[in-house]
Amino acid sequence: MTKHTLAAALIACSLVSCGTSSRVVRRQAQPDVAITPADVHSSLATAEVEAPKSKRKVVELSPLEQQLRSILADSLLETSQVGIHAVDLTSGQILLSHGARQRLRPASSEKVVTAIAALDRLGPAYLLQTQLLTTAAVSGSVLQGDIYIKGVMDPLLSTADVRSLASQLRSAGITRINGRLVSDASFKDSDELGWGWCWDDENPTLTPLLCGGKPGLASQLMAALKANGIAVARGQSVGTAPSGARALATVARPLTAVLQPMLKESDNLCAEAVFYQLGRTRKLAAAVIDDVIARAYAAFPSPAGSAAVASTIADGSGLSLYNYQTPETFTRLLSYAASRPDAILTPLLQALPIASVDGTLKKRMAGTAAEANVRAKTGSVSAVSTLVGYTTQRSTGHLIAFAIMNQGVRTMAEGRSFQDRLCAALSE
C-alpha cells in the first residue's frame, strides 16, 4: 500500500453514508485535504435534496458516472437483485448507492465483519494460546497430579505443535504424570455446528480441542507424550482446569496468522475460530459484533439516520442462511477500519485477497485497472455472489470502499462478471 493510499485511509473519518437511491450522485470534485464530518454532512444533505423539475439543471456526467450507469443497466438486474454501496473515503463522496440498505445475504463476505470486529476488540497482537495446565507439584521428574490440555479452537494447530507441547514438558524434566490427561473444552459452548447451517454443506466441527482442523487433540497429545518418553498413569478424562492452574507448556498463534487463510482462502473454520474468540457462545460473540457495527455507525452520524439494526449475525463465516447485512453496513465498517490504520486497516489489507494475484481473487480482473489493486472478500452460496473491500482509484489515488451484493443469480459467473466490471470502473 503506498504512502498516498495510507494518507487517503487516514481521511476516512470523513465518511458519512446516507440515502439508498439507485441514482448515481453527481458532486463537484473536492480537494485532496481532510474534510470534517460537518462538511460532509452539509454537502451530502444538500446533494440528496432533489430540486423541483422546473428548476433542475442538466449536468454532464463524468466518465465514471457514465460507466456506473451503464453497469446498472445490465440485463442481469432484470432477473436478479443487487445492493451496492461505493464510497470515496478520501473525499467522503458516495460514488454509487443502489439498494444500499436492503437486508441481503453476505455469504463469505461476512468474514470481513468478523475480521474487523476481532481486530477492533482483540487487536492484531492477540494470541490464541493452547496450553498444558496443572495445579500439581513436580517431584523430581514426576508430576504429582492431573495435567489439563486446554484448547482455544486454534484452527491451525498441527501435530508439530502438539509435539512441541510434549517436548516442552520433557524439557522441564517431566517423564511421568501420576494423574490423568484431562481435556478442557470450556473455552466455548458445546455447539458443534452453527445456527442455520445446511446439513449438506461441508461444515467444520466447532470444538476448542482441534488438531489439524479436526477434533482429537487429546489423543494426538497422548501419542506425543509417549513419543517423548512421558507416561500418563491414569489415562484420559474430561474436565475443567481449576482456577489458578499454571501453564507448563504453551503454543501461541497470532490472530493475524489465522486471518490469512480466513480471508485469502475463505476458510470457514478459521472464521468460526475468530468468531468464538469474541465470546464463548454464539449470542455473546454476535453481541460483540453488533456493538462494533453500532460503533462504526456512531463514528459517522448521518442525517438519513442509522440502519445498523439491519444486521443479523448468525455465525462468523457466512455459512448460515440466517446472516443478513446491508451494503451500507459493510462500507461503514470498512470506513471505520480505515480510520484505525495500525490496529485494523493494515492487517486487514494484508489478509484480503488481491485481484489477479492471490486467494479467491487470483483469477479475476486481470488486464483491468482493478488488477493488483482491488483487495476484497468474495462470498458464494447458492444464488448469492458478493464482493466487499477496497480499491485505490488510479486517477486520484483515493481509497474507495465498496460492497456489491448480488442475490438470485443463476450462476456465480454472472455475479462475478458484474462485480468485476464495477470494480474496474471504480479503480480507473
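All of these numbers come straight from a predicted model, not from anything done at the bench.
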Query - Non-hydrogen side-chain atoms of T368 and D420 separated by less than 4.5 Å - result: no
Report task. Say whether, by atom type as modelled, one donor and one acceptor occur between the side chain of N373 and the main chain of T391 under 3.5 angstrom. Result -> no
Query raised in the report: For D74 and R421, what are the C-alpha separation, side-chain angles and deciding distance, and is it a side chain to side chain contact (heavy atoms under 4.5 Å, CB included)?
Result: CA-CA 11 Å; D74 194 303; R421 287 176 59 204; 2.7 Å; yes
Requested in this report: Considering non-hydrogen atoms only, spot the tightest contact between D358 and L352 and give its length.
Outcome: OD1-O, 4.4 Å
Query raised in the report: Does E428 use its side chain to pair, donor to acceptor, with the backbone of L64 at less than 3.5 Å?
Result: no
Report task. Report yes or no: does R180 contribute a side-chain atom to a donor-acceptor pair with the main-chain N or O of S237 at less than 3.5 Å? Result -> no
**Report entry** Minimum side-chain heavy-atom gap T326-H85 below 4.5 Å
**Finding:** no
Report task. Show your working on side-chain hydrogen bond (donor to acceptor under 3.5 Å, both in side chains) between T135 and Y148 and close with a plain yes or no. Result -> CA-CA 9 Å; T135 57; Y148 298 82; 5.7 Å; no
Query raised in the report: Rounded to the nearest 0.5 Å, what separation is found between the OH atom of Y276 and the CE atom of M153?
Result: 7.0 Å
Query raised in the report: Just how far is it from atom CG of D184 to atom CD1 of I149, taken to the nearest 0.5 Å?
Result: 9.0 Å
Query raised in the report: With a 4.5 Å heavy-atom cut-off, do P124 and T256 have their side chains touching?
Result: yes
Query raised in the report: Looking at K362 and V357, what are the two nearest heavy atoms and their distance?
Result: CG-O, 3.6 Å
**Report entry** Distance, nearest 0.5 Å, that separates CG of L206 from OG of S317
**Finding:** 8.5 Å
Report summary line: In terms of heavy-atom contacts, I289 and A117 come closest through CG1-CB, 3.8 Å
Requested in this report: Measure from the side-chain N and O atoms of T281 to the backbone N and O of D189, and report whether any donor-acceptor pair falls under 3.5 Å.
Outcome: no
Query raised in the report: Can you name the nearest heavy-atom pair linking F275 to A285, along with the distance?
Result: O-CB, 3.3 Å
Query raised in the report: Is any side-chain heavy atom of I400 less than 4.5 Å from a side-chain heavy atom of L95?
Result: yes
Requested in this report: Find the distance between CG (L422) and NE2 (H98) and round it off to the nearest 0.5 Å.
Outcome: 11.0 Å
Query raised in the report: CG of L77 to CG of N406: how many Å apart, nearest 0.5 Å?
Result: 7.5 Å
Query raised in the report: Are K377 and S266 close enough that a side-chain donor and a side-chain acceptor fall under 3.5 Å?
Result: yes
Query raised in the report: Hey, does S427 have a side-chain heavy atom less than 4.5 Å from the side chain of T392?
Result: no
Query raised in the report: L361 versus V374: any side-chain heavy-atom pair under 4.5 Å?
Result: yes
Query raised in the report: With no hydrogens and no angle check, do the side chains of S385 and Q419 hold a donor and an acceptor under 3.5 Å apart?
Result: yes
Requested in this report: May I ask you to decide if S158's main-chain N or O and Q220's side chain share a donor-acceptor pair within less than 3.5 Å?
Outcome: no
Query raised in the report: Okay, side chain of Q277, backbone of V152: is any donor-acceptor separation there less than 3.5 Å?
Result: yes
Query - Audit row: R253, D161, side chain to side chain contact (heavy atoms under 4.5 Å, CB included) steps and yes/no - result: CA-CA 10 Å; R253 184 97 46 216; D161 292 322; 2.6 Å; yes
Report task. Mind running side chain to side chain contact (heavy atoms under 4.5 Å, CB included) on L334 and V112 for me, showing each step along the way? Result -> CA-CA 9 Å; L334 293 169; V112 170; 4.1 Å; yes
**Report entry** G316 to T114 - nearest heavy-atom pair and separation
**Finding:** O-OG1, 2.7 Å
Query raised in the report: Does a sphere of radius 6.0 Å around CZ in R246 hold more than 12 heavy atoms from other residues, nucleotides or ligands, not counting ones at 6.0 Å or beyond?
Result: yes
Query - Under 3.5 Å: donor-acceptor pair, side chain of D315, backbone of S320 - result: yes
Query raised in the report: Does any non-hydrogen side-chain atom of L132 lie less than 4.5 Å from one of L221?
Result: yes
Requested in this report: Answer yes or no: is there a donor N or O on one side and an acceptor on the other, between the side chain of S70 and the main chain of Q66, under 3.5 Å?
Outcome: no
Query raised in the report: Taking all non-hydrogen atoms of both residues, which atom of I174 and which atom of I230 are closest, and how far apart?
Result: O-CG1, 3.4 Å
Query raised in the report: Can you tell me if S80 uses its side chain to pair, donor with acceptor, with the backbone of L76 under 3.5 Å?
Result: yes
Query raised in the report: With the threshold set at 4.0 Å, does a side-chain nitrogen-carboxylate oxygen contact exist between R332 and E328?
Result: yes
Query - Test item: N203 side-chain N/O and C198 main-chain N/O as donor-acceptor pair under 3.5 Å - result: yes
Requested in this report: Tell me, please, which residues at least two apart from R282 pass salt bridge (charged side-chain N to carboxylate O under 4.0 Å, His left out).
Outcome: none
Report summary line: CZ of R295 to CD1 of I293, rounded to nearest 0.5 Å, is 12.0 Å
Requested in this report: Take F418 and V409 through the side chain to side chain contact (heavy atoms under 4.5 Å, CB included) test and state the conclusion after the steps.
Outcome: CA-CA 11 Å; F418 179 88; V409 293; over 6 Å; no
Query - T378 and R416 side chains, donor-acceptor separation under 3.5 Å - result: no
Requested in this report: Return yes if a side-chain donor-acceptor contact under 3.5 Å exists between Q102 and Q407, otherwise no.
Outcome: no
Query raised in the report: Is the shortest heavy-atom distance from the side chain of F330 to the side chain of P327 under 4.5 Å?
Result: no
